[in-house]
Amino acid sequence: MKFRPCIDIHNGFVKQLVGGSMHGDVADVNFTSDERADKFAKKYRKDGLDGGHIVILNSKDSPGYEASRRVAIDALEAFPGGFQIGGGITDETAYDYILHGASHVIVTSFIFDGDMISLSKLDSLADAIGKERIVIDLSCRKKDGDYYVVTDRWQTFTNEKVDAKLLRNLSDFCDEFLIHGVDSEGLKNGMEEDLIRILAEFDGCPVTYAGGITTGDDIKKFAELGKGNLDFTIGSALDLFGGDLPYDEVKLIK
């Protein structure tokens with residue numbers, strides 16, 4: 001179990017948003033930083049925290065996307081090989097991010113055909129950059145007692161149920177998984193404990209969980225629920241992003 005840092009970018013600024021609130025380019029904002037993304041990247045590099053993720057929160061066709069993309073590339077170049085990157089990436093654009101220093105690309109919506117995952121799209125992405133550079137984002141929300149992957153910046157339910165079977169089936173096509181418990185993301189009100197228990201049953205490639213970890217006690221409980229099998233990231237709760245949880249303590253978990 002280790003801490004994975006994050007840089008979320010919206011309209012060209014480092015922000016922390018409430019996870020399920022995105023509609024177009026509008027969202028509920030927890031925090032907007034005065035610091036550029038590359039400064040955060042340099043901090044994480046200095047602290048030896050690789051394997052984190054940069055997420056462009058704008059949709060590809062939005063007015064703010066290009067500004068966010070440029071800021072994201074600045075951060076990648078400030079810590080070559082230190083970050084995965086996601087947000088509107090396709091098989092046609094993925095390699096460019098690798099050239100700018102990304103270790104992996106993170107994909108969700110691109111790999112879907114309707115409400116099901118397309119293995120042919122995954123094959124196409126692997127042909128472009130290699131399976132070892134792919135992170136599949138299975139961020140999800142609960143419906144009828146189960147967790148289902150959501151796309152379109154977490155607004156659209158798919159038919160893909162998140163469980164150990166899905167992770168096993170997809171692990172042949174990627175190097176890691178990133179999974180946000182969307183309904184806890186940015187709210188600082190506790191984790192998706194049922195989801196963590198589900199993810200802990202998978203013992204394959206690395207899995208990073210995000211959503212609702214707020215206190216040191218939460219981290220201890222996460223370690224117990226995750227059986228040591230899961231990594232974690234924290235956004236709004238960190239003092240870096242306006243919260244109370246000390247980054248200088250969390251960064252030691254690596």
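Because the structure is predicted, anything quoted here is derived from the model rather than measured. We count residues from 1, following the sequence as given.
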- Other hydrophobic cluster members with Leu252, side-chain heavy atoms of Ile/Leu/Val/Met/Phe/Trp/Tyr under 4.5 Å, chained? none

- So how far is it from Cys174 SG to Ile111 CD1, rounded to the nearest 0.5 Å? 8.5 Å

- Below 4.0 angstrom, N of the basic side chain to O of the carboxylate: do Asp163 and Lys165 qualify? no

- Message: Does Ile54 form a side chain to side chain contact (heavy atoms under 4.5 Å, CB included) with Leu76? I'd like the steps, not just the answer.
- Response: CA-CA 8 Å; Ile54 297 170; Leu76 289 175; 3.8 Å; yes

- Item | Flag side-chain contact, heavy atom, 4.5 Å: His180 against Trp154 | yes

- Over all heavy atoms of both residues, which pair between Leu195 and Gly181 is shortest? Give the atoms and the distance, please. CD2-CA, 3.9 Å

- Query: Any idea which heavy atoms bring Pro80 and Arg45 closest together, and the distance?
  - Reply: CD-NH1, 3.7 Å

- Calculate, to the nearest 0.5 Å, the distance between atoms CD1 and CZ belonging to Ile253 and Phe222 respectively. 10.0 Å

- Note on the structure: For Val55, the side chain to side chain contact (heavy atoms under 4.5 Å, CB included) test, sequence neighbours excluded, returns Asp8, His53, Leu57

- Would you find more than 12 non-hydrogen atoms of other residues, nucleotides or ligands less than 6.0 Å from Tyr95 atom OH? no

- Rounding to 0.5 Å, atoms CD (Glu160) and OG1 (Thr108) come to a distance of 12.0 Å

- Note on the structure: Across all chains, not counting sequence neighbours, the side chain to side chain contact (heavy atoms under 4.5 Å, CB included) partners of Ile89 are Ile85, Thr93, Ala94, Tyr97, Val105, Val107

- Message: Is there a side chain to side chain contact (heavy atoms under 4.5 Å, CB included) between Lys221 and Ile213? Walk through the geometry before answering.
- Response: CA-CA 10 Å; Lys221 189 168 189 179; Ile213 297 176; over 6 Å; no

- Task: With the side chain counted from C-beta on, respond yes when Ser139 and Val149 share a heavy-atom pair under 4.5 Å apart, and no when they do not.
- Result: no

- Item | Where at least one partner belongs to residues 80-103, residue pairs that pass salt bridge (Lys or Arg N to Asp or Glu O under 4.0 Å), sequence neighbours excluded | Arg69-Asp96

- Message: Checking Lys142 now: which residues fulfil side chain to side chain contact (heavy atoms under 4.5 Å, CB included) with it, not counting sequence neighbours?
- Response: Tyr147, Asp194

- Query: Shortest non-hydrogen contact from Asp218 to Thr214?
  - Reply: OD2-N, 2.9 Å

- Would you indicate whether the side-chain heavy atoms of Ile129 and Ile98 approach each other to under 4.5 Å? yes

- Query: Can you check whether Arg36 reaches Asp74 side chain to side chain, under 4.5 Å on heavy atoms?
  - Reply: yes

- Message: Can you pull out every salt bridge (Lys or Arg N to Asp or Glu O under 4.0 Å) where at least one residue sits in residues 235-253? Sequence neighbours excluded, please.
- Response: Asp47-Lys251, Asp248-Lys251

- Might you point out which heavy atoms bring Phe79 and Ala41 nearest each other, and give the distance in Å? CD2-O, 3.7 Å

- Message: Tell me if a side-chain donor or acceptor on Tyr65 pairs with a main-chain N or O of His10 at a distance below 3.5 Å.
- Response: no

- Message: Centre-to-centre under 6.0 Å for Phe232 and Phe3, is that the case here?
- Response: yes

- Query: With hydrophobic residues grouped by side-chain heavy-atom distances under 4.5 Å, do Leu178 and Leu49 end up in a single group?
  - Reply: no

- Taking side chain as C-beta onward, heavy atoms only, is Asp50 less than 4.5 Å from Lys2? yes

- Leu225 and Ala200 have their tightest heavy-atom pair at O-CB, 3.4 Å

- Taking C-beta and beyond as the side chain, do Leu138 and Leu170 meet within less than 4.5 Å on heavy atoms? yes

- Query: Can we say Glu224 and Lys220 salt-bridge, meaning some charged N sits less than 4.0 Å from an Asp/Glu carboxylate O?
  - Reply: no

- Nearest 0.5 Å, what's the CG-CG distance between Leu230 and Leu199? 5.5 Å

- Query: Met116: which other cluster members, linking ILVMFWY side chains closer than 4.5 Å, directly or transitively?
  - Reply: none

- Task: If a pair satisfies side chain to side chain donor-acceptor pair (under 3.5 Å) and one of its residues is in residues 198-213, list it, with sequence neighbours excluded.
- Result: Glu201-Lys227

- Query: Of all residues at least two apart in sequence or in a different chain, which pass the ring pair (Phe, Tyr, Trp, His ring centres under 6.0 Å) check with Phe177?
  - Reply: Phe202

- Query: Is any side-chain heavy atom of Arg4 closer than 4.5 Å to a side-chain heavy atom of Pro206?
  - Reply: yes

- Checking side chain to side chain contact (heavy atoms under 4.5 Å, CB included) for the pair Asn11/Asn58: CA distance, chi angles, key distance, verdict? CA-CA 7 Å; Asn11 292 339; Asn58 296 87; 2.6 Å; yes

- Item | Worked verdict on Thr156 versus Val150 for side chain to side chain contact (heavy atoms under 4.5 Å, CB included) | CA-CA 5 Å; Thr156 302; Val150 286; over 6 Å; no

- dist Lys254:NZ -> Met1:CE (nearest 0.5 Å) comes out at 14.0 Å

- For Phe112, does its backbone N or O pair with a side-chain atom of Ser118 as donor and acceptor, under 3.5 Å? no

- Not counting sequence neighbours, which residues clear ring pair (Phe, Tyr, Trp, His ring centres under 6.0 Å) with Phe40? List them please. Phe241

- Are any of the side-chain heavy atoms of Lys131 and Leu125 separated by less than 4.5 Å? no

- Out of curiosity, Ile106 CD1 to Ile134 CD1, how far, rounded to the nearest 0.5 Å? 12.0 Å

- Item | Within 45° cone and under 6.0 Å: Lys161 NZ/CZ vs Tyr148 ring | no

- Message: Given 3.5 Å as the limit, does a donor-acceptor pair link the side chain of Ser68 with the main chain of Gly12, or not?
- Response: yes

- Message: Can you list, by chain and residue number, the hydrophobic cluster partners of Phe13 when the side-chain cut-off is 4.5 Å?
- Response: none

- Message: Testing the basics here: between Cys6 and Thr233, what is the closest heavy-atom pair and its distance to 0.1 Å?
- Response: CB-OG1, 3.7 Å

- Message: Going by salt bridge (Lys or Arg N to Asp or Glu O under 4.0 Å), name the pairs with one or both residues in residues 110-126, residues two or more places apart or in two chains.
- Response: none

- Query: Same cluster for Ile198 and Ile117 if Ile/Leu/Val/Met/Phe/Trp/Tyr side chains link at under 4.5 Å?
  - Reply: yes

- Is there a chain of hydrophobic side chains (I, L, V, M, F, W, Y, each step under 4.5 Å between heavy atoms) that links Val71 to Leu99? yes

- Query: If Ile, Leu, Val, Met, Phe, Trp and Tyr residues are connected whenever their side-chain heavy atoms lie under 4.5 Å apart, and connections chain through other members, are Val135 and Ile73 in the same group?
  - Reply: no

- Task: Would you kindly say whether Ser103 and Gln84 are connected by a side-chain donor-acceptor distance under 3.5 Å?
- Result: no

